[in-house]
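Since this is a predicted model, take the numbers as computed values, not measurements. The chains referred to below are lettered A, B, ... by the order of the sequence lines, with proteins before strands, and numbering in each begins at 1.
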Protein chains: 2
Amino acid sequence: MASVSDKQLHWEEQIADKRKRQQAAIPKDWLIPQVPEGQTNVIDVPRTCGLLTERELKITEVSNVNVLLQKLATAEWSAVEVTTAFSKRAIVAHQLVNCLTEIFVDKALERAAELDAYLKEHGKVTGPLHGLPISLKDQFKIKGLETTMGYAAWIGKYAEEDAVLVQLLLQAGAVLYVRTNVPQTLMWGETYNNVFGRTVNPYNRRLTAGGSSGGEGALIALRGSVLGVGSDIGGSIRIPAHFCGVYGFRPSSHRMPSYGVVNSLDGQESVATAFGPLSNSLSGVTTYMRSVLEQEPWRHCPDTIPKPWSQDDYQLKAHGGGKKLCFGIMWDEGTIKPHPPILRALETTKKALEAAGHSVIEWKSLRHSEYIAVTRSFWLADGSEDYNSCLTTGEPLIHSMDPNADPNVIPDFRVPRQPLSAYQVWQLNKERRELRKHMLDRWQATASLTGTGRPIDALICPPAPYAAVPHGQKKSSLYTLIWNAVDYPALIIPVTKVDPKIDVKPVRDSFWSTDDEVIHGMYDPEIYKDVPVGIQLVGPTLQEEVILGIGEVVDAALLSSGPD
Amino acid sequence: MASVSDKQLHWEEQIADKRKRQQAAIPKDWLIPQVPEGQTNVIDVPRTCGLLTERELKITEVSNVNVLLQKLATAEWSAVEVTTAFSKRAIVAHQLVNCLTEIFVDKALERAAELDAYLKEHGKVTGPLHGLPISLKDQFKIKGLETTMGYAAWIGKYAEEDAVLVQLLLQAGAVLYVRTNVPQTLMWGETYNNVFGRTVNPYNRRLTAGGSSGGEGALIALRGSVLGVGSDIGGSIRIPAHFCGVYGFRPSSHRMPSYGVVNSLDGQESVATAFGPLSNSLSGVTTYMRSVLEQEPWRHCPDTIPKPWSQDDYQLKAHGGGKKLCFGIMWDEGTIKPHPPILRALETTKKALEAAGHSVIEWKSLRHSEYIAVTRSFWLADGSEDYNSCLTTGEPLIHSMDPNADPNVIPDFRVPRQPLSAYQVWQLNKERRELRKHMLDRWQATASLTGTGRPIDALICPPAPYAAVPHGQKKSSLYTLIWNAVDYPALIIPVTKVDPKIDVKPVRDSFWSTDDEVIHGMYDPEIYKDVPVGIQLVGPTLQEEVILGIGEVVDAALLSSGPD
């Protein structure tokens with residue numbers, strides 16, 4: 001009889017110990033006075049809290065990663081001072097939004113010093129990412145550190161070697177200094193777990209930072225990192241990027257190295273996790289993709305497709321050099337009308353592109369719900385056996401991201417499904433193949449509508465029907481998940497912020513669905529005030545370079561169209 | 001009570017009708033006098049039977065596909081006469097070794113006439129394969145034809161549209177004229193089914209042509225086709241290529257278009273089927289790969305990786321231009337010693353490469369059986385549900401390829417396994433990932449041994465422990481299946497023929513395993529006399545162009561070393 005509470009005590013004690021160790025990893029003089037709970041928007045606190053010097057603020061507020069890299073390469077800024085600046089700011093961010101898991105600033109500074117010494121001695125950089133601090137989602141194994149991924153049972157599991165991505169980043173000269181928070185099981189669009197607690201949105205701490213790469217989103221928004229790496233199986237890079245106002249890129253599934261990563265539903269390969277960057281700038285995203293691919297990750301990760309970085313694709317050689325593109329635009333998926341600021345972000349983008357000489361044609365969503373249903377079936381095929389195998393300490397499975405939810409109430413979609421047989425999964429794979437064919441044929445068929453002789457060059461759509469929502473209110477991931485279903489690369493570009501004066505709540509007397517009514521009901525401009533809004537830019541499988549190149553076109557169009 | 005025999009009657013009647021329709025598709029004046037059963041080697045019959053004109057013999061005996069394409073492009077040979085020549089020879093081959101399923105010469109000649117008219121009218125070809133007859137394994141759907149794949153239940157299923165590969169081949173100007181035989185379920189290294197019967201080896205009709213692309217192997221060996229397309233999940237392109245003395249290439253799994261193909265174990269994607277060419281020449285293989293990739297198949301098949309043909313890779317730019325390569329050589333997998341002619345083919349190749357200035361280092365097989373076991377587990381994960389779903393007519397599942405086997409005896413490896421759950425397959429996927437990492441790391445680690453600064457450029461190994469075996473004696477596919485397990489492209493290059501004077505049976509008084517003893521026991525130089533022997537050339541995932549480029553180097557070395 002005592003065993004259950006003993007066990008509970010045990011996992012709770014383990015968590016308490018882990019948190020104590022995390023706290024101890026924070027240099028004492030980097031603690032800032034507590035910000036009052038009532039101060040919901042903390043985006044400016046790193047600048048105002050007084051901990052960072054002017055120079056450190058300058059360093060951390062560089063948006064163009066290539067500028068940072070150049071200053072590091074010329075020793076104008078040393079790796080130690082850049083690492084110190086980002087580490088300090090990351091620690092400040094953590095105190096504001098609880099975004100970190102592993103903190104290893106000491107190791108980072110040691111490495112930075114080595115890099116500085118190397119540059120001084122040899123007069124050249126160690127690699128294309130020389131001295132650049134990079135943050136990582138709590139999945140990428142680093143030798144000697146735990147990879148908890150929000151499970152109590154994984155506390156104390158120290159990695160014996162680096163993940164392939166970690167090896168390559170180090171080889172390229174990067175400095176690793178923190179890892180970032182995730183939701184338990186990873187399969188949520190918010191970020192909360194029993195070990196590290198909840199990550200909140202820096203623009204409004206009553207709202208979620210999104211998930212599952214929520215720690216990255218919040219950290220980068222606060223400029224505690226200029227470039228981080230997350231993962232995305234249904235939107236886990238793109239949701240936090242959209243909610244936190246940063247760039248986030250989901251490459252196709254096997255483009256980036258995955259070996260040595262801990263994961264949820266590990267071994268489920270029908271709709272596989274993709275690994276990709278989040279950054280304050282598109283240059284960060286592109287530099288990351290290029291420098292990792294230039295290391296030929298397929299020589300180290302068996303699942304990475306040997307497809308070198310294509311500068312021709314990035315320069316849009318097969319897309320008229322990007323001079324006159326034609327975009328598809330999907331305003332909604334037909335069952336849920338996005339909130340006003342989301343539609344405004346799309347409209348703004350459309351106008352900017354048209355003003356820049358591009359064209360935009362309508363893309364109607366078809367069979368959207370089938371794509372979603374098939375994908376969910378893959379994920380739930382184990383009847384929760386994977387989750388259960390990670391909850392061996394007595395730690396409960398979290399059933400809601402709502403802080404006020406009754407932990408004993410299991411919502412319908414979290415009730416374990418009947419496990420599927422291998423043969424049933426084979427049938428689902430066939431269904432998914434037909435859906436992918438359906439999408440591909442529709443895409444190709446647009447060639448007759450674009451006027452360019454090509455199919456649409458990219459598709460623009462909402463990243464979600466809303467901006468960052470109150471904790472526990474992130475419903476389905478309709479707009480992100482569909483691109484996982486077909487394995488299309490997808491980029492989040494920040495466009496605007498919610499403005500209650502413009503984004504007024506429309507009066508609607510009829511609804512497309514029950515969900516539509518519920519989500520309409522969630523909208524109140526004052527709740528979402530000043531929260532970022534992005535758009536999603538999508539292209540066919542493995543056309544990463546094309547989407548990044550077109551991303552530059554969209555960015556430039558938005559920039560020259562001025563503030564919306 | 002009557003229903004069972006009614007049902008039996010039904011499927012047997014269906015088969016009888018199908019065979020009658022097949023027979024009717026053969027032009028009466030293309031029938032040749034029956035060759036006595038005792039004449040086992042029929043390889044020269046197409047030349048001696050008198051049906052083909054001198055010119056038709058000349059056309060069908062061109063080995064270099066590019067020569068054929070050039071003569072077609074210049075109208076020196078018309079598409080009609082080339083199609084006629086290959087159709088006649090295919091029909092002769094069929095009468096000798098039973099290699100065809102669908103025969104549609106009328107349609108082919110109609111198309112050839114259209115191509116000729118086009119060339120005459122426009123003065124240019126319709127595409128890179130203008131006028132080239134291409135044979136297809138009985139899996140690729142062609143609008144208006146049945147795709148039986150050896151199942152009685154699939155008789156009468158007429159395709160409503162072409163497979164993507166068929167669309168692309170037609171677009172490239174190819175002429176389709178026959179489809180070729182397979183074993184029931186496809187999961188055999190021989191070719192026999194209840195609908196079309198058995199395909200035999202043209203070098204010795206008492207031996208198997210191999211499988212599952214056995215119809216292709218036998219047809220191409222007899223020069224009834226210069227280029228055919230097969231599929232390979234465990235060796236199904238490479239085994240018949242080796243057994244029949246032709247080139248056969250298994251690309252990586254998602255390099256070539258697969259959409260619209262009927263398949264066995266459809267939806268099983270952990271170790272997926274690869275589609276690739278068989279040909280009398282390496283030029284045939286390369287021309288096929290290049291011309292299909294140049295059609296950008298990823299615009300039509302959602303599962304095809306958008307990786308364009310790389311001429312740089314084919315010219316071995318990253319391999320020193322192919323000037324001084326280093327090969328790994330794996331003589332055996334450690335548990336079964338290959339028969340003498342197989343080892344001699346390896347030895348011949350090694351010497352030829354060394355004489356040409358390349359080097360060859362030993363590659364020891366490690367953990368071979370684990371790779372095999374994991375792969376088999378994927379295939380058997382459905383507990384035979386896929387097979388059963390294809391045997392709805394009462395047609396029995398074939399349990400042996402031995403014509404004298406008792407059909408009621410089920411060998412151990414054909415007894416249905418307990419079906420696996422989705423979660424169990426996830427665990428197997430993780431196991432396979434570790435094995436692929438193991439292979440990749442070993443491959444990369446050879447960089448310290450090669451003296452070139454690179455890892456080995458390619459690996460040479462046996463295609464099987466034997467040349468073509470008597471019917472029913474094809475045991476496991478150890479040497480082919482392992483490359484499916486890791487998804488490495490693999491090319492069969494014909495090297496020699498069994499010569500009883502050289503390939504004497506060794507005296508062995510100890511054996512590596514029971515299988516080793518059994519397979520040693522199978523060897524009798526007289527049985528295998530004059531049967532072809534190939535080698536297998538292997539490289540890392542998705543390096544198709546590199547392996548074809550290195551194939552040219554091997555071919556050239558063998559040619560300049562003269563007859564062995």
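For the pair B:Asp382 and A:Trp426, the minimum side-chain heavy-atom distance is below 4.5 Å. In this structure, A:Ile305 and B:Ile305 have side chains that are in contact, with non-hydrogen atoms separated by less than 4.5 Å. Counting heavy atoms from C-beta on, the side chains of B:Pro302 and A:Met439 never come closer than 4.5 Å. Two residues are said to be in side-chain contact when any heavy atoms from C-beta on lie closer than 4.5 Å; A:Lys307 and B:Leu542 fail this criterion. The side-chain heavy atoms of B:His300 and A:Asp441, taken from C-beta on, include no pair separated by under 4.5 Å. Between A:Tyr259 and B:Arg436, the closest side-chain pair of non-hydrogen atoms is not below 4.5 Å.
For the options A:Asp303, A:Thr541, A:Val425, A:Val486, heavy-atom pairs under 4.5 Å to chain B are most numerous at A:Asp303. Among A:Pro540, A:Ala422, A:Ser421, the residue making the largest number of heavy-atom pairs under 4.5 Å with chain B is A:Ala422.
Surrounding NZ of B:Lys430 are more than 12 heavy atoms belonging to other residues, nucleotides or ligands, all under 6.0 Å away. The 12-atom threshold is not exceeded at CD of B:Glu161, counting heavy atoms of other residues, nucleotides or ligands nearer than 6.0 Å.
Only the side chain of A:Val164 has a heavy atom closer than 4.5 Å to any heavy atom of chain B. A:Glu431 does not touch chain B: none of its heavy atoms, backbone or side chain, sits under 4.5 Å away. Contact of B:Gln444 with chain A is made through the side chain alone, with heavy-atom distances under 4.5 Å. For B:Ser389, the part lying under 4.5 angstrom from a heavy atom of chain A is the side chain only. Both the backbone and the side chain of B:Pro306 come within less than 4.5 Å of a heavy atom of chain A. With a 4.5 Å cut-off on non-hydrogen atoms, A:Pro455 touches chain B through its side chain but not through its backbone.
Rounded to the nearest 0.5 Å, atoms CG (A:Leu428) and CD (B:Glu269) are 10.5 Å apart.
A salt bridge is defined here as a Lys NZ or Arg NE, NH1 or NH2 lying under 4.0 Å from an Asp or Glu carboxylate O, and B:Arg433 with A:Asp266 meets this definition.
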